[in-house]
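Structure first, commentary second.
Nothing here was measured: the structure is a model prediction, and the numbers come from that model. Each residue takes its place number in the sequence, starting with 1.
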Amino acid sequence: MSNLPSLADIQTSASSPDSPLAAALSILFEHSPILVSKLEPQLYEIFDKSPPSSSPLSSYEELIDLSLAEIVQWDIPAQSEFISGHPRIGESSNLSKLSAEEQGAQGVKPTPPDVLKRLEHLNAAYEVKFPGLRYITFVNGRSRAAIAEEMEDVLGWEHSLEPDQPSLDTVQPIEKSNEVWLSELKRAVEDVGKIAKSRLGSFGVV
């Protein structure tokens, strides 16, 4: 697990795809191209405009809050791209160490195969119902089985471990302009922020 760059390096280094700020954002929010192409330059512009006598950041939590304040002002496609940087619930490959720990993928008790199959189906159903979104939730120590039930509630389904029921053919997509879709996007962005703040504990910082 990479160490977080210091706040001093984050604020004083030049903007670039490999800057300390870009590295910190990728650790806290999971790597996504839009973090480097859009958010990193926006934050450096804020840093540059700050009075020399004052620092815009006194904590990593402030960095997360400042980032979220910028992200919620992006257009819908950009916000959707941002949350898609996080892995799907239940994925077991290509996970960062932090994501694996948060999802319980490295726990003493492995997630039962039937739960993983159910999550695979639930992810697919969610992405049919909310095109352009990925299901994001602040796991906060909960099991994958508990998250599966949460996803079923969002989809309006009964709790079940049937791997492929109800059929995806029965899922009706929601328009991106619909308030329900927009509410899901807002919740996902907020939960990415909660995940980022919880990660600070892994580094012993605030």
Taking C-beta and beyond as the side chain, do [X] and [Y] meet within less than 4.5 Å on heavy atoms?
| X | Y | answer |
| --- | --- | --- |
| Ile89 | Val139 | yes |
| Leu185 | Val189 | yes |
| Leu122 | Val154 | no |
| Lys197 | Asp65 | yes |

Inset, instruction - For atom CD of Glu62, decide whether the heavy atoms of other residues, nucleotides or ligands shown that lie under 6.0 angstrom number more than 12. - result: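 More than 12 within 6.0 Å, yes.
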
So, the side chain of [X] versus the backbone of [Y]: is there a donor-acceptor pair under 3.5 Å, distance only?
| X | Y | value |
| --- | --- | --- |
| Gln73 | Ala69 | yes |
| Glu81 | Pro77 | no |
| Ser160 | Glu162 | yes |
| His86 | Phe29 | yes |
| His121 | Leu116 | no |
| Ser183 | Glu179 | no |
| Ser37 | Pro33 | yes |
| Asp9 | Pro5 | no |

[X], [Y]: one ILVMFWY side-chain cluster at the under-4.5 Å cut-off?
| X | Y | answer |
| --- | --- | --- |
| Leu161 | Leu168 | no |
| Val36 | Ile46 | no |
| Ile76 | Ile83 | yes |
| Val205 | Leu57 | yes |

Inset, instruction - Please step through side-chain contact (heavy atoms from CB on, under 4.5 Å) for the pair Leu21 and Ser13, ending with a clear verdict. - result: CA-CA 8 Å; Leu21 174 57; Ser13 300; over 6 Å; no

Inset, instruction - Run the numbers on Glu127 and Arg88 for salt bridge (Lys or Arg N to Asp or Glu O under 4.0 Å), then give the verdict. - result: CA-CA 11 Å; Glu127 291 171 30; Arg88 293 175 177 87; 2.7 Å; yes

At what distance, to the nearest 0.5 angstrom, does [atom1] of [X] lie from [atom2] of [Y]?
| X | Y | atom1 | atom2 | value |
| --- | --- | --- | --- | --- |
| Ile71 | Gln79 | CD1 | CD | 8.0 Å |
| Leu63 | Phe47 | CG | CZ | 6.0 Å |
| Gln11 | Tyr44 | CD | OH | 9.0 Å |
| Asp191 | Thr137 | CG | OG1 | 5.0 Å |
| Gln172 | Ile174 | CD | CD1 | 10.0 Å |
| Leu155 | Thr170 | CG | OG1 | 9.5 Å |

Inset, instruction - Applying side-chain contact (heavy atoms from CB on, under 4.5 Å), run through Ile27 and Asn3 and close with a yes or a no. - result: CA-CA 9 Å; Ile27 292 170; Asn3 290 325; over 6 Å; no

Inset, instruction - Would you sort out whether Leu133 and Lys176 count as a side-chain contact (heavy atoms from CB on, under 4.5 Å), showing the intermediate values? - result: CA-CA 9 Å; Leu133 296 185; Lys176 294 182 180 180; over 6 Å; no

Any idea which heavy atoms bring [X] and [Y] closest together, and the distance?
| X | Y | result |
| --- | --- | --- |
| Ala24 | Ile10 | CB-CD1, 3.8 Å |
| Ser6 | Tyr60 | CA-OH, 3.5 Å |
| Ser67 | Leu25 | OG-CD2, 3.6 Å |
| Ser19 | Glu40 | OG-OE2, 2.6 Å |
| Ser32 | Gly85 | CB-CA, 4.1 Å |
| Leu28 | Ile64 | CD1-CG1, 4.0 Å |

Answer yes or no: is there an ion pair linking [X] with [Y], defined by an N-O contact shorter than 4.0 Å?
| X | Y | value |
| --- | --- | --- |
| Glu120 | Lys117 | yes |
| Glu190 | Lys194 | no |
| Glu150 | Arg142 | yes |
| Asp164 | Arg118 | no |

Inset, instruction - For the pair Leu68 and Val192, evaluate side-chain contact (heavy atoms from CB on, under 4.5 Å) and give the outcome as yes or no after the intermediate values. - result: CA-CA 9 Å; Leu68 292 173; Val192 170; 5.6 Å; no

Legend entry - Distance-only side-chain donor-acceptor flag, Asp153 / His159, under 3.5 Å: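 Judged by distance alone, the side chains do pair up.
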
Inset, instruction - Return yes if a side-chain donor-acceptor contact under 3.5 Å exists between Gln42 and Trp74, otherwise no. - result: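 Result is yes, a qualifying pair exists.
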
Inset, instruction - Would you please indicate if the ring centroids of Phe130 and Tyr135 are separated by under 6.0 Å? - result: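 Aromatic pair excluded; centres sit 6.0 Å or further apart.
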
Legend entry - Check against salt bridge (Lys or Arg N to Asp or Glu O under 4.0 Å), Glu30 and Arg199: CA-CA 11 Å; Glu30 288 291 318; Arg199 290 183 170 187; 2.6 Å; yes

